[in-house]
2 protein chains.
Amino acid sequence: MSTAAKTAVNPAKPAGKRIRRTAEEARRLILDAAEKRLAQQGPEGLRLQDIARDIGISHPAILHHFESREGLVRALIARANTQLRDTMLTALGGGHTNADASDHIGHVFEALSDRGTARLLSWLLLTGRATENSTTHNIMGEIVDALQLRRAEYAQKTGKPTPDKEDTLFMAMLTANAAFGEAIVGRQLAEAVGLDQDGIKRFRNWFAKLLNEHWDGVK
Amino acid sequence: MSTAAKTAVNPAKPAGKRIRRTAEEARRLILDAAEKRLAQQGPEGLRLQDIARDIGISHPAILHHFESREGLVRALIARANTQLRDTMLTALGGGHTNADASDHIGHVFEALSDRGTARLLSWLLLTGRATENSTTHNIMGEIVDALQLRRAEYAQKTGKPTPDKEDTLFMAMLTANAAFGEAIVGRQLAEAVGLDQDGIKRFRNWFAKLLNEHWDGVK
DNA sequence: CCAAGTACTGACATTGTTGTCAATATAATT
DNA sequence: AATTATATTGACAACAATGTCAGTACTTGG
């Protein structure tokens, strides 16, 4: 009986200007927006509709580029990982041939805690999603190796014995832990004890110095 | 009109044994289950139906005890905070009159990273829910004060000058950051570099020793 | 043993979010 | 200019999660 007249949609289609990006551009835009929301509002702020609204597109567009929400998350993980590795390696590698290692560790520290990278990765780890990802594996290994190399050079130059590799590993681990911790509780903690931005800077310097002392003075 | 015959529900009510707890017991049970799920599966694992299923009740029961999901979360925050403070203060206060401060810091470290407390708090911080809570405020302040006191005593006993309070603050901050970091990335990092449980223990000892050296050797 | 209070449940309402689909607009190519 | 490819959209479908409600069963106090 009343089966018909259901296909009629909207007779008036005024037609609008539509921004059309390249797939790559669109993906980048979406990932940026997603990352921002994640860093600002935490895990529960990752809703397709919100992200879409943030950049003025419709949410199916996101689905078009990433298949599913899960796909978006995966892409987010992948990008965060490569970004992290790049930042880390340049922080360790480029130019600073003469600087000591605690300086390098400081760079690693900043690479981790700056931007939302650490927060993002923290969430991924909290949700248990980054388990299968082996990138962390390689990163940590590379860093420790690089550090150990520098320490060996430094030790030879100053005539001291080459430090134990586990000691280097622990320095790197402490740095990573502290950096992640700062990314999460840093702001809270800082304002809890009345530290301003400059105080945080002093803290980082203090930490670098602590590592330096240890670097020089290890048995 | 077919308005009637809609009130008829289930004619057969076999009646079943029903477990009835005291309100307090029920609340504790629910909070435990919620905490467990949060620690295991992260933020997205906090669904009323799941929690209810875990302990064999219906999800409206949870709502009955906590008003709303938000109420449950609040209760979770409150309990985590008091638990944390209690653990911290006993770790700092009781009995260890002669132990040095890095030992105390070790206790704080473990109090934070043991159980799921740090993970739980991390999630709360990541979602920005613990902002208004002033407990962190007091905790951190108390700890730093207590530490500073011990350092002053220690300094006087060994004839050294009383160390700067900011130095103590930074030691506490580093410890907190590292503990939180370890709670989140610790396991990942450890297995990434091939550290077993014993290795993690060695790392903690190493860290305590590092703080000890600094404690003694500060200018 | 009766009554009152309340922990608890099943069914339903409501809302919000992901995902699907056909249609449309825009850029690139011929 | 016409054709092809695809980025984009609005409307709808499907589902999941919180919340509501009337009614049920257990405990306690008289």
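The figures here come from the full heavy-atom set of this structure, side chains too, leaving out hydrogens, waters and symmetry mates. Residue numbers begin at 1 in each chain, while the letters A, B, ... track the order of the sequences. From a predicted model like this one, the values you see are computed outputs, not experimental measurements.
- Within residues 43-55 of chain B, no residue is approached by DNA chain C to less than 4.0 Å at the level of any non-hydrogen atom.
- For the pair I19(B) CD1 and dT6(C) C1', the computed distance is 17 Å after rounding to whole Å.
- Between R79(A) and D32(A) the shortest side-chain heavy-atom distance falls below 4.5 Å.
- Within 4.0 Å of T22(B), counting heavy atoms only, lies no atom of the nucleic acid at all.
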| request: Report the C-alpha distance between D50(B) and R53(B) in whole Å, list the side-chain angles of each, state the deciding distance to 0.1 Å, and finish with yes or no for salt bridge (charged side-chain N to carboxylate O under 4.0 Å, His left out). | output: CA-CA 5 Å; D50(B) 294 344; R53(B) 200 178 309 119; 3.4 Å; yes
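- Taking all atoms of both residues into account, the shortest heavy-atom contact from L38(B) to W123(B) is CD2-CE3, 3.3 Å.
- The base of dT8(D) lies outside donor-acceptor range of the side chain of R21(A), with no N or O pair under 3.5 Å.
- Whole-Å rounding puts the H65(B) NE2 to dC8(C) C1' distance at 8 Å.
- Side-chain contact between M171(B) and D167(B) is present, with heavy atoms from C-beta onward closer than 4.5 Å.
- One atom, CZ of F66(B), and another, C1' of dA17(D), lie 18 Å apart when rounded to the nearest Å.
- Side-chain atoms of R21(B) never come within 3.5 Å of backbone atoms of A26(B) as a donor-acceptor pair (strictly under, hydrogens ignored).
- Not a single donor-acceptor contact under 3.5 angstrom links the side-chain atoms of R69(A) to the base of dT17(C).
- When side chains are defined from C-beta on, L174(A) counts as touching F203(B), because their heavy atoms get closer than 4.5 Å.
- The aromatic rings of W206(A) and F170(B) are tilted relative to each other, their planes meeting at an angle between 30° and 60°.
- Using a 4.0 Å cutoff on non-hydrogen atoms, the parts of residues 57-64 of chain A near DNA chain C are H59(A), P60(A), L63(A), ordered by number.
- Here the closest heavy-atom approach between residue R119(A) and residue L125(B) is recorded as NH2-O, 4.0 Å.
- Between the side chain of R18(A) and the base of dT9(D), no donor-acceptor pair under 3.5 Å is found.
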